[in-house]
Amino acid sequence: MSQVSPLKLAVARGAGSLIRAAGRGGGTSLPGKLLLSMQDDAIERLVSPLENGTVVISATNGKTTTASLLSSILREADLEPVHNHAGANMPGGIASSLLSATRHGTLTGDIGLFEVDEAWVADLVGRLQPRVIMLANLFRDQLDRYGELETLADSWAGMIASLPAATTVVLNADDPLLAQLAGDRQNVIYFGIEDRAYAESSPRHAADSKFCRQCGAPLSYDAVLLGHLGHYQCVSCGAQRPRPSVYASNIQMNGMSGSAITIDSPGGSIAIELPIPGLYNVYNAVAATAAACALELPKTAISGGLREARAVFGRVESISVSGHEVALLLIKNPTGANEVLRTIAAQDERFDLWIALNDKIADGRDVSWVWDADFEELAGRVNRVTCSGTRAPEMALRLAYAGVDRHDIVVDDRIEQSFDSAVAAAAADGNPVFALPTYTSLLDLRTAIAKRGEAPAYWSK
Amino acid sequence: MGDILRVCALYPSRMNIYADRGNMILLERRCAARGIGFELSAAEHGDSIDPGAFDLFYIGGGQDRDQVQIAQDMLRTKRDALARAAEDGKVMLAVCGGYQLLGESYELADQVIEGLSIVSLKTVREPGPRLIGNVVIELEIEGKPQRLAGFENHGGRTYLGEGESPLGSVISGFGNNGSDHFEGVRHKNVFGTYLHGPLLPKNAWFADYLTALALARDGTPVELKPLDDVLEDAAHRCALDAGRRSRR
Ligand SMILES: [Zn+2]
């Protein structure tokens, strides 16, 4: 396939620097959109010369972390990935990230690594023609944007059926919405968690229970690991969780500092210290390993890459404000939030909390989900909670009904001011403090802190 | 008071996609704060219902695939009991998909699903996008104007039959069909609405109104003890403001 004309690339790239010069934010998807308007097959043309092909990753939760873990593994294997970043996971954003990786009309890099928005998987798989496609989980998230889960799963099934035989499909065996999507396709790798040490016996919420994709009967679970992910079967038609070939066989969680896990794969067993906390990150590590296996990367690259992994932008980062350390954990939907709540509630000490609930488009305009997340975990565990963001009072109400004492709840919709006072109060009392922002409130917070000119010193990771 | 609010949740395992449990949490905690007991029962697939055993019925929203199965099961195992409960003045709150099921029929993709026919309404498909966004409606409760704030997300367009009254009129958002400015339905004490998921946390006054109605079993009005509602009122105002901001 012929290249994209250097003139078009230059025009689109120029638009990006103009936007940045005008101080209008990162201008992440605009240059890409402009490029696509001049050349609608620009993505196909730019990625086709990549020697090692491309990898596409989609999921409701953890796609950014998983892609970052895989990127770390690829570098360890001496492959330079062309990688898009969180928030640039629709066609415009992906075209922009390709644009910024081109030199003299050609991509600089060995392999494409793209996290893709759930609703855009079918479209982008058509353009990217991936060598490996990984679908890691499907949770209820921002239903106002995606419509219904089943509809999305159906469209993914159709997409998989249309893939060339050479494409390897990587699926989460523990997610009953995904595990059956490949039918009897040959080239499939399943991953999962086998260790049941941190499992529960049934889904925590009726809303998490799932139904057989084949016959519609309720699934029965032997073990539930996270939300509706677990070891399940259909007693009605006999459908079963596929046996994963890449799986966590042993997990030891070490609080906020991460976990020690053993991952088994056809290539052998690897033991790693994962520097990011929570069972959800174990899934991300296993998913990244499964993708690495699909790419036939060596075991040493996998273990080295995972060990080197640092928390991705905003997922788990800690900042120091006037010498007081604050751990930041993104919350955006019930399942993700539940894992965060479970992780912080496991702390020995009581702590302070700052929670910011925004309802902008990137957060999902519908904030109903806070009533599906287990804020009950916080009852009796927190000293003081500050609620901020565009829907601060609704967050406060949720916490009051979750059993947090009303007198311990402060409501202040101003992101920066409320954050500063929350941290100052925690510092004065010597309390640990966690910050739980939704996506755009995290961006607002970072912008506010960067404006003080203190950002480089503030962000410790 | 010694009284107990007996709630029957219909198909909670499937009709709960928008955090409908928020409604149950609100009812329960507000009963507890007033010393009123709270009993929550679930009626799932195949279960029959004794209409006299409950004061309030709740049904939430589900995914299309689930709603088809539920419509069939409801007609078979629960329709007559629910119709009797509705005629007896029992309180019923039907939200989103549950609201559509109250009517005579609704269209889904290429099929027409038969509903419970407890209320005269039909839900059809029309060209155009899903109706999604913050919504505020105004309704009249005992002669006084009141507002409900919420979020709607529905593909179907609902039209009320002759003689049925809407729950309220649309101040901002789409409502039943995006064209006639009506939202929901009220038929005796049956309330249907597209304000999905946790609408009671956004409108604690409405939770109290339903609770009082449900406890007034012999028709004698019930007066509920006032609560400290500073947070509830602020949450209500916040949800109303969100609707106002997105007003087209
Ligand atoms: Zn089955």
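Below, read A as the first sequence line, B as the second, and so on, with proteins coming before strands; counting in each chain starts at 1. Treat the numbers as computed from the prediction; the structure is a model and nothing was measured.
With contacts defined as side-chain heavy-atom distances shorter than 4.5 Å, the pair B:D66/A:E150 does not qualify. No side-chain heavy atom of A:P393 sits less than 4.5 Å from a side-chain heavy atom of B:H236. A heavy-atom distance below 4.5 Å is not found between the side chains of A:D366 and B:I132. Within the 4.5 Å cutoff, side-chain heavy atoms of A:S368 are placed close to those of B:H196. At a threshold of 4.5 Å between non-hydrogen side-chain atoms, the residues B:Q69 and A:F211 do not count as touching.
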Practice task
Could you give me the CA-CA distance, side-chain angles and deciding distance for A:Y401 and B:E28, then say whether side chain to side chain donor-acceptor pair (under 3.5 Å) is met?
Solution key: CA-CA 10 Å; A:Y401 279 81; B:E28 185 202 348; over 6 Å; no
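In this structure, chain A has heavy atoms under 4.5 Å from both the backbone and the side chain of B:L26. Contact of A:D413 with chain B is not made at all, since no heavy-atom distance falls under 4.5 Å. Neither the backbone nor the side chain of A:V370 comes within less than 4.5 Å of any heavy atom in chain B. Residue B:A239 touches chain A through both its backbone and its side chain, counting heavy-atom pairs closer than 4.5 Å.
A pairwise comparison of heavy atoms in A:I409 and B:L231 identifies CD1-CD1, 4.4 Å as the closest pair.
To the nearest 0.5 Å, the span separating CZ on A:R391 from NZ on B:K202 amounts to 6.0 Å. To the nearest 0.5 Å, atoms SG (B:C238) and CG (A:L357) are separated by 8.0 Å. To the nearest 0.5 Å, atoms CG (B:D241) and OG1 (A:T390) are separated by 11.0 Å.
Ion pairing between B:R21 and A:D374 holds under the 4.0 Å rule for side-chain N and carboxylate O.
Evaluation of the side-chain contact (heavy atoms from CB on, under 4.5 Å) rule for A:Q240 yields A:Q233 as partners, not counting sequence neighbours.
Across A:A396, A:A392, A:G216, the residue that shares the most heavy-atom pairs under 4.5 angstrom with chain B is A:G216. Highest contact tally toward chain A, considering only B:G133, B:P201, B:A234, B:G197, is held by B:P201 [criterion: heavy-atom pairs under 4.5 Å].
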